[in-house]
Every structure is written in structure tokens, then in C-alpha cells.
Amino acid sequence: MSKYSRDDILASVRDHGIRFIRLQFTDIFGVLKNVNIPASQLEKAMDGEIMFDGSSVEGFVRIEESDMYLKPDLDTWQIFPWSYQEGGLARLICDIYTDKNEPFEGDPRYVLKRALNEAKDMGYIMNVGPEAEFFLFHTDSAGRPTLETHDQAGYFDLSPIDLGSAARREMVSSLEDMGYEIEASHHECAPGQHEIDFKYGDALSSADRMQTFKLIVRIVAKRHGLHATFMPKPIYGIAGSGMHMNQSLSTLDGKNVFDDPNGVDGLSETAYYYIGGLLKHARAITAITNPTVNSYKRLVSGYEAPVYIAWSGKNRSPLVRIPAKRGVSTRVEMRSPDPTCNPYLGTAAMLVAGLDGIKNKIEPPKACDYNLYDLTDDERLARGIGCLPVSLSAAMEELKSDIVISEALGNHVFNCFIEAKEKEWRAYRTQITPWEIENYLTKF
């Protein structure tokens, strides 16, 4: 059932004095885009008549086929909380259509919808609860971001040590004003690092909320003279930022299918197959959930980021963890994704991997209820515990060889993604870094 009708939205515009509406969409690489329209054009927009140049968006289409249309999802209507001071501003998240009035196969939101339809055909609804971490840094006199943190606090520290708490409080308030149910917010392990967790929801809504969440965090940080970044590893030697993805499946009438009070550890057979699918496709999934060169600076042993393909219900060192709560809260937590992940593509990749596990009854290996970081390489090898890719290049090779994940993306997204990321890798590996100058210039 729809949340808002056309009349509801038009009434909201009148009642709240909305003057401008942002028509938002996400490109293949997870970057949020928008077309700004005056309120006078809203009805035209809701009719799907707002056109934009798709050739100007990286990874979309060529210049000779550039006309594309934005079709707003009315259920995503949202008034920005500061709009009353700034002339009235709201947004609608849009699906992208071609000039033939067909869904654009390069639209990440369409990729996720396609995966969700596959789940629905199997009798499942996917719910997702992302946990995105971010850093807050000072800016210089020109407003440019620095790498100077605003505090020296640690995990769960409070003011006055956590100097970013005021900014975080405003972030939480803004998100709550926009209808988010915030479950927790706290300082993370590294200086300047924070996390705000919001309640899980259906997969599409959660991906939409993640994109809005990142926007709000950046805007509020700027208001406090800070720069918010979701870069996975901005500083050497401290923990990086992850985006743990809690996920579960329910029946079409809302029963959690991962929960089974009579099952081993309270998990259903379906849950175990889902875990098996995630682990089988983990290396290819990494290309989507950790899509930048910098992502692999976080995925190293010693900083709590998971690098070993294993699962557990008791510790946080494996890739997949099963949180303790059962009943409606029974879920699987994938710990490798980072916040540069396109939430639509990342969610779709994890879902189809889990569904593959269910369809083919893929049994997961025995749970690893011990600290994997304490094992030697030989010990891990003897126990059959593999590792995630160590670089963006290696992850791309895994993606290219995984039919299930590549087909879930569709030809357009798959080809554009591979082409762009291989170009990114080539550009990176030819750079001369300060580390090389420091270590080699005078030695040789």
C-alpha cells in the first residue's frame, strides 16, 4: 500500500511552503545525484515528464542515447528539516526510465528491485539494517578538509572527550525529524570516528535511507565547521570505517524465516543455507561492497575489519556474524562492506548470494567460534578458511568469474562497473606515493 498519494504531496507542499524539490537518484558508483525543480513543476515531475541528460552521468549511456526520464517514487517524499529556514526544500527519490518508457537497466535502484522480485517469487521479503561509520575532520581556513580529528576519544567515550557529540546530536535530531528511528549513536574506536544506527526496514527503503543518511551527515557536519567522510581508511594505523549489513528474510506475511527455536543455535535451515550462499560468493561480493582502492587499506588483519571467509555466532573476527537476539530479530550480519558501497548494488549482491544458497542448499562450513586473528596462515589454511581479495584488482577478477553475482548486476551495470574500476586500478598503481619517496629516494 502506498504511503503517499499525489494529493498528499501537493497538500504537503502547500502546507509547508515548499518552494523547491530535489529529484534524487544514484549513479552506478553510489554517488547521489539530483535535479532541482521549483514546486510549480512538481505535478509534471510526478507524471514522469522530467528529462535529464544520461550521457552526463558516468556509467549511464552514450551521448547518442542520452534522453532519460526521472519517475519519482511518491513513497520517498521527504521535507528536509532545515527547510523552514531556507525557503522550503523537499525531495523525491526517482527511478530512471529510458525514452521508450522502460526501466533503465543501469539504474542501481532497478537492479535491487529485480533481485527483490526474485526473492518475492521464492516467497521472501528482505529486511536490512546498515551500520555506517564515518569520520569527522577539521577544515582549514579555506574550508578544505584536513586529516585533523576533532577529538582523541575512543569507543563509547562521552563529552568533553568526544568533541563531535554536538554535531552527532544534531545529525540524530535531523534524521528523526525525517522519520528515521534511531536506535543508537556513539563514538567509534578511532579518534574522530562515529556511528549512527537506524532501525532496519525493507531492503529498498533501507538503501534509500542510507543515501539520505550520508547526505544529512555531511550537511550537518559542515554546519559545525567539520568535514564528514565515509572514506573507508583515511588515516594509517587506526581503524577504518565499515558499513556492517544486518539482513534477514521474512515470509510475505512477515514471519522471520531465519528464526527456528528448535534449530541449532535457534537458526533455521534456511538461515544456514543463506549463510552458505554469502560465504560461497563472498569474494565476488567484495568487488561491490568494497568498491574503491582505499577499501582494501581497511580490509587488513588487526583493525577489527573481517578478512577471513568464515562465520560465527560468538565473535566478531569472521566475515559473517550471527547476533545473539532471536525471534523477529534473528539476522545475519555481513561485516565486510564499507560506506563507499552503493547500497542498492551491495544489497542486491548479498541477497542473490543468499538466495543461491537457499536454492542450491549450500551448507556453510563449521562455525569459527574463536579469534581468527590469532591463527597463523598455515593454521587457517589447514582449516580451509579463505581470505577476501587483497586489492580492488583481485576483487574485480573474482567478480568477473562469478556468474551469479555478475548476472544479478545485469550486463549494463556489470560492464560499466568493471571498466571504470579497472581504469581506477590502473590509475592508482602508476602513482608514486609519499611512502615510496620516504623509503626509496635516499636508499637507492
Side-chain angles (χ1 to χ4, degrees), residues 2-61 63 65-99 101 103-104 106-110 143 170-171 174-175 177-180 204-205 207-224 227-230 342-344:
S2 295
K3 188 175 172 184
Y4 297 110
S5 68
R6 289 171 62 97
D7 290 342
D8 290 335
I9 291 173
L10 292 172
S12 180
V13 168
R14 290 193 302 270
D15 294 345
H16 295 95
I18 301 301
R19 296 182 59 196
F20 297 98
I21 297 97
R22 290 181 177 176
L23 304 180
Q24 297 180 338
F25 62 98
T26 298
D27 72 11
I28 288 174
F29 309 108
V31 178
L32 187 65
K33 308 286 187 179
N34 71 258
V35 174
N36 217 35
I37 62 169
S40 61
Q41 297 298 301
L42 178 57
E43 290 194 74
K44 181 179 176 181
M46 290 192 290
D47 289 334
E49 296 178 8
I50 300 297
M51 191 169 62
F52 74 101
D53 178 7
S55 68
S56 297
V57 180
E58 187 178 4
F60 272 22
V61 292
I63 195 165
E65 50 189 10
S66 59
D67 289 346
M68 312 202 81
Y69 290 86
L70 296 171
K71 293 201 173 185
D73 180 341
L74 302 190
D75 285 347
T76 65
W77 172 254
Q78 194 76 66
I79 298 173
F80 286 106
W82 52 82
S83 66
Y84 304 106
Q85 292 83 35
E86 298 181 7
L89 179 65
R91 75 97 202 270
L92 283 163
I93 294 175
C94 300
D95 295 307
I96 302 171
Y97 277 68
T98 69
D99 58 1
N101 199 33
F104 173 48
D107 178 4
R109 206 167 185 262
Y110 174 66
E170 186 179 336
M171 291 169 190
S174 297
L175 291 165
D177 288 344
M178 296 181 73
Y180 284 66
L204 185 63
S205 296
D208 288 340
R209 284 198 290 267
M210 177 50 63
Q211 291 297 79
T212 301
F213 166 81
K214 290 194 281 190
L215 175 66
I216 297 301
V217 165
R218 290 192 184 102
I219 290 173
V220 173
K222 189 173 182 180
R223 288 169 175 262
H224 286 256
H227 175 76
T229 181
F230 291 92
N342 182 321
Y344 303 102

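Please read these numbers as outputs of a predicted model, since none were measured by experiment. These numbers come from the heavy atoms of this one structure, side chains and all, not from hydrogens, waters or symmetry mates. Position 1 is the first residue of the sequence, and the numbers go up from there.
- Enclosure of atom CD in Glu43 is not indicated, since only 12 or fewer non-hydrogen atoms of other residues, nucleotides or ligands lie within 6.0 angstrom.
- Within the 4.5 Å cutoff, side-chain heavy atoms of Leu215 are placed close to those of Arg22.
- Taking OG1 from Thr212 and CE from Met178, the interatomic distance works out to 5.5 Å, rounded to the nearest 0.5 Å.
- Looking at every heavy atom in both residues, Leu23 comes nearest to Pro72 through CD2-CG, 4.4 Å.
- Rounded to the nearest 0.5 Å, atoms CG (Leu92) and CD (Gln24) are 9.0 Å apart.
- For Tyr180 and Phe213, the ring centers are positioned 6.0 Å apart or more.
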(message) Set out, in order, the CA-CA distance, both residues' side-chain angles and the distance that settles side-chain hydrogen bond (donor to acceptor under 3.5 Å, both in side chains) for Asp177 and Ser174, then state yes or no.
(response) CA-CA 5 Å; Asp177 288 344; Ser174 297; 5.5 Å; no

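- Note that the CG atom of Leu175 and the CD atom of Glu170 stand 10.5 Å from one another [nearest 0.5 Å].
- Annotation: salt bridge (Lys or Arg N to Asp or Glu O under 4.0 Å) contacts of Arg209 (sequence neighbours excluded): none.
- Closest approach of Met171 and Val217 over heavy atoms only: CE-O, 3.6 Å.
- Looking only at side-chain heavy atoms (C-beta outward), Ile93 and Gln211 stay at 4.5 Å or farther from each other.
- Shown here are the salt bridge (Lys or Arg N to Asp or Glu O under 4.0 Å) partners of Asp47, two or more places apart in sequence or in another chain: Arg6.
- Counting heavy atoms from C-beta on, the side chains of Phe52 and Leu70 come closer than 4.5 Å.
- Among residues two or more places apart in sequence or in another chain, the side-chain hydrogen bond (donor to acceptor under 3.5 Å, both in side chains) test is passed with Ser205 by Asp202.
- Residues that satisfy the salt bridge (Lys or Arg N to Asp or Glu O under 4.0 Å) test with Asp95, not counting sequence neighbours, are Arg109, Lys113.
- Closest of all the heavy-atom pairs between Trp77 and Tyr4 is O-CE1, 3.8 Å.
- Among residues two or more places apart in sequence or in another chain, the side-chain hydrogen bond (donor to acceptor under 3.5 Å, both in side chains) test is passed with Asp15 by none.
- To the nearest 0.5 Å, the span separating CG on Leu74 from CE on Met46 amounts to 6.5 Å.
- The shortest side-chain heavy-atom distance between Leu32 and Asn34 does not fall under the 4.5 Å cut-off.
- The minimum heavy-atom distance linking Thr26 with Asn342 is given by the pair CG2-ND2, 3.8 Å.
- Taking both residues in full, the closest heavy atoms of His227 and Ala221 are given as C-CB, 4.4 Å, listed atom of the first, atom of the second, then distance.
- Expressed to the nearest 0.5 Å, how far CD1 of Ile216 lies from CZ of Phe80 amounts to 5.5 Å.
- To the nearest 0.5 Å, the span separating CZ on Arg19 from CG on Asn36 amounts to 11.0 Å.
- Every residue two or more places apart in sequence or in another chain was checked for a ring pair (Phe, Tyr, Trp, His ring centres under 6.0 Å) with Tyr97, and none qualifies.
- Between Leu42 and Ile18 the shortest side-chain heavy-atom distance does not fall below 4.5 Å.
- The minimum heavy-atom distance linking Ser12 with Ile79 is given by the pair OG-CD1, 3.4 Å.
- Judged by distance alone, with hydrogens and angles left aside, the side-chain atoms of Arg218 form no donor-acceptor pair with the main-chain N or O of Phe230 at under 3.5 Å.
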